[in-house]
Amino acid sequence: MLIHTDNLSKTYGTGDQIVHALDHVSLDIDTQDFVAIVGASGSGKSTFMNLIGCLDQATSGSYYLAGENVEVMDADALADVRSRRIGFVFQQFNLLARTSAVDNVALPLLYARNGPLAHLDHQARIDHAKVRLEQVGLGKRFTHTPAELSGGQQQRVAIARALVNDPLLILADEPTGALDSKTSVEVLELLTRLNQQGMTVIVVTHSLEVAAYAKREITFRDGQIVDVRVN
Ligand SMILES: Nc1ncnc2c1ncn2[C@@H]1O[C@H](COP(=O)(O)OP(=O)(O)O)[C@@H](O)[C@H]1O
Ligand SMILES: [Mg+2]
């Protein structure tokens, strides 16, 4: 099991002001799954993503990622898991401007402190980044800066960057939220292809059209899972 949560809960505030942002969520996600987390605004999607992505820790309950107990990790261990195990994709791409696609993709390798991809030299990092850009169909765009790329291409660069550390999963928060419908399809088809090649993909979205690409749709309401649908 890649992801295992058991009664995972997150509360904000205390007393009368307490908010149960995540309320006893027990969920298993196998490797090679493609899951969409859906639900209305305020239903707990971002809270769940922050916990799964090791950006935050729960108030109670447990979360195991690839058999490791995330809830007992200290800040250094969490940072290591984030950089080596999880590939993040955001709505706004978060690419460095005036920096080529290949340098954007190679950047996380510079910060890899542990594991097989730590301490690569510059040329090895560039070579590795080029392989990832080819994988997302941007083999002819190595030297382009974000401003010289379409929105869909920029998000594919961001996906290549998310892949560069050979993560266990891709965690994408509204990955098509800043794209028009045509380029959205381009990005969703890429995520589908990566999943078919064996990558585990978790997409957080309020869009049912986006969710339809996933193998499973998990609906949150008031911090709880209220529906699991297999597509
Ligand atoms: N930092 C915070 N402090 C207090 N309440 C929060 C905080 N973050 C989220 N919440 C509350 O937790 C609930 C779930 O929020 P969130 O996970 O952001 O939902 P979603 O991403 O589905 O819109 C909401 O009621 C929200 O107001
Ligand atoms: Mg949110």
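In each ligand, atom 1 is the first atom listed, and ligand 1 is the first ligand listed. None of these values were measured; they are calculated from a predicted model.
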Worksheet item: Taking atom types as modelled, is there a side-chain donor on E174 or H206 under 3.5 Å from an acceptor on the other?
Response: yes

Worksheet entry | N/O/S atom of T47 inside 2.8 Å of the Mg ion (ligand 2), strictly under | no

Worksheet item: Any non-hydrogen atom of G39 lying under 4.0 Å from ligand 1?
Response: no

Fill in: Protein contact of atom 16 (P) of ligand 1 - nearest heavy atom, named by residue and atom, plus distance
T47 OG1, 3.7 Å

Response to the item:
Near S43 (heavy-atom distance under 4.0 Å), the atoms of ligand 1 are 19 (O), 20 (P), 22 (O)

Worksheet item: Got a salt bridge between R156 and E186, using NZ or NE/NH1/NH2 to carboxylate O under 4.0 Å?
Response: yes

Worksheet item: What protein heavy atom is closest to atom 26 (C) of ligand 1, reported as residue, atom name and distance in Å?
Response: V19 CG1, 4.8 Å

Discussion item. Looking at ligand 1, is there an atom of it that comes within less than 4.0 Å of some heavy atom belonging to G223?
Written reply: no

Worksheet item: So, for F220 and F48, is the gap between ring centers shorter than 6.0 Å?
Response: yes

Fill in: Element-labelled atoms of ligand 1 that are located less than 4.0 Å from some non-hydrogen atom of S46
17 (O), 18 (O), 20 (P), 21 (O)

Discussion item. I'd like to know if D33 pairs up with K215 as an ion pair, taking the criterion as any Lys NZ or Arg NE/NH1/NH2 lying under 4.0 Å from an Asp or Glu carboxylate oxygen.
Written reply: no

Practice prompt. May I ask you to list the atoms of ligand 1 that are less than 4.0 angstrom from any heavy atom of A40?
Written response: 22 (O)

Discussion item. Under 3.5 Å, is there a donor on one side chain and an acceptor on the other for D180 and T183?
Written reply: yes

Practice prompt. List the closest protein heavy-atom neighbour of atom 24 (C) of ligand 1: residue, atom name, distance to the nearest 0.1 Å.
Written response: G42 O, 3.7 Å

Worksheet item: Of all the non-hydrogen atoms in the protein, which one sits nearest to atom 6 (C) of ligand 1, and at what distance?
Response: Y12 CD1, 3.3 Å

Fill in: Residues Q196 and R193: side-chain donor-acceptor under 3.5 angstrom
no

Discussion item. Students should be able to answer this: which protein heavy-atom is nearest to atom 12 (O) of ligand 1, and at what distance?
Written reply: A21 CB, 3.2 Å

Discussion item. In this structure, would I86 and L109 fall into the same cluster of hydrophobic residues linked by side-chain contacts under 4.5 Å?
Written reply: no

Practice prompt. Measure the distance from atom 19 (O) of ligand 1 to every protein heavy atom, then report the residue, atom name and distance (to 0.1 Å) of the closest one.
Written response: G44 N, 3.2 Å

Worksheet item: Would you call D166-R85 a salt bridge at under 4.0 Å N-O?
Response: no

